[in-house]
Amino acid sequence: MRVLVVTSVSAERDAVLRGLHGSSRFEVLVAGVGPAAAAASTATALATAKYGLVVSAGIGGGFPGRAEVGSLVVANEIVAADLGAQTPDGFCSLDELGFGSTRVPVDPRLVTRVTGGLQAAGLPVTAGPVLSVSTVTGTATTALELTSRVPGATAEAMEGYGVATAARHHGVPILEIRAISNPVGPRDRASWRIKEALNVLEAASSIFPEVLL
Ligand SMILES: O=C(O)c1cccc(C(=O)CC[C@H]2O[C@@H](n3cnc4c(=O)[nH]cnc43)[C@H](O)[C@@H]2O)c1
């Protein structure tokens, strides 16, 4: 089986490649930032070669109390958390509007296998919903709104739902894994621990051949 790993920027791709140590059954893509770029690049890759699994991988924000900076999150569900409509009574999701689903489940056996492998490698990992947002959360109010919209929300990033939508169209299973670089909440870009998160992403990628193939 071949595995497609989709990252958003080259620093993430390089971290994954370092971890994979040249494993030949993985293709690692830089898709760009955000759901549209992620979906378009993933769909193109899936149309041109056959893959048995797609992994959305990169850094992400962790919800305080659920995923700390420097830890890993494996999505058990990928949720487009801001896809819907604002109403006077609050946010209305695409599901509630009757236009489809904003939630993509991940095969629980895959989640268990990957989290187990990461734990066995001594890496701190939590499984939970990973939100896909088009705007990085920058206030405590929005962070709170998202956790009330998606109870158990564990991490947020910008590409998972786009990657998952393309994978679903091609009938390929999906996984999302995020190395936490920052807390979700008031914006403080200077405090993002990107290098640390990329090192954790590299360590996580080193067990991909063992747990994904
Ligand atoms: O500046 C760098 O060296 C650098 C290296 C790797 C990645 C970056 C990014 O800024 C990647 C943007 C990417 O990160 C995800 N992300 C990270 N934290 C959050 C968050 O709190 N909320 C949403 N997304 C987040 C996201 O998936 C972006 O694609 C910079």
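In each ligand, atom 1 is the first atom listed, and ligand 1 is the first ligand listed. Only this structure's heavy atoms are used, side chains among them; waters, hydrogens and symmetry mates stay out.
Between the side chain of E145 and the backbone N or O of T141, no donor-acceptor pair lies under 3.5 Å. Proximity of a side-chain donor or acceptor of R193 to a complementary backbone N or O of S181 within less than 3.5 Å is not detected.
Distances from atom 29 (O) of ligand 1 to the heavy atoms of M158, E12, E159, K195 put E159 nearest.
Set against the non-hydrogen atoms of V9, the atoms of ligand 1 under 4.0 Å away are 6 (C), 7 (C). Residue G61 has at least one heavy-atom neighbour below 4.0 Å for each of these atoms of ligand 1: 18 (N), 19 (C), 20 (C), 21 (O). When each atom of ligand 1 is checked for a heavy atom of V33 under 4.0 Å away, the hits are 29 (O). Ligand-side atoms of ligand 1 in range of R178: 27 (O), range being under 4.0 angstrom from any heavy atom. With ligand atoms numbered from 1 in the order given, ligand 1 contributes 13 (C), 29 (O) to contacts under 4.0 Å with heavy atoms of S8.
In I59, the parts holding a heavy atom less than 4.0 Å from any atom of ligand 1 are both the side chain and the backbone. When heavy-atom distances to ligand 1 are checked against a 4.0 Å cut-off, A11 comes that close only through its side chain, counted from C-beta outward. If you look at N182 next to ligand 1, the close heavy atoms, those under 4.0 Å, all belong to the side chain. With a 4.0 Å heavy-atom cut-off, ligand 1 is reached by the side chain of R189 but not by its N, CA, C or O.
Taken to the nearest 0.5 Å, the CG atom of L144 stands 9.5 Å off from the OG1 atom of T139.
Between R178 and E159 a salt bridge is recorded (basic side-chain N to carboxylate O distance below 4.0 Å).
Taking hydrophobic clusters as Ile, Leu, Val, Met, Phe, Trp and Tyr residues chained together by side-chain heavy-atom distances below 4.5 Å, V73 does not share a cluster with L110. Under a hydrophobic clustering in which Ile, Leu, Val, Met, Phe, Trp and Tyr are joined whenever their side-chain heavy atoms come within less than 4.5 Å, directly or via other members, F208 and Y51 fall into the same cluster.
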Verdict with reasoning, V55 to V6, per side chain to side chain contact (heavy atoms under 4.5 Å, CB included): CA-CA 6 Å; V55 183; V6 184; over 6 Å; no

Test log, rule side chain to side chain contact (heavy atoms under 4.5 Å, CB included), inputs V79 and Y161: CA-CA 6 Å; V79 185; Y161 185 77; over 6 Å; no

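Heavy atoms of G58 stay at 4.0 angstrom or farther from ligand 1.
At the shortest separation from atom 22 (N) of ligand 1 among protein heavy atoms lies E156 OE2, 2.6 Å. Considering only non-hydrogen protein atoms, atom 2 (C) of ligand 1 sits nearest to I194 CD1, 3.9 Å.
Taking the centre and axis of the six-membered ring of F91, the NZ or CZ atom of R149 falls inside the cone set by 45° and 6.0 Å.
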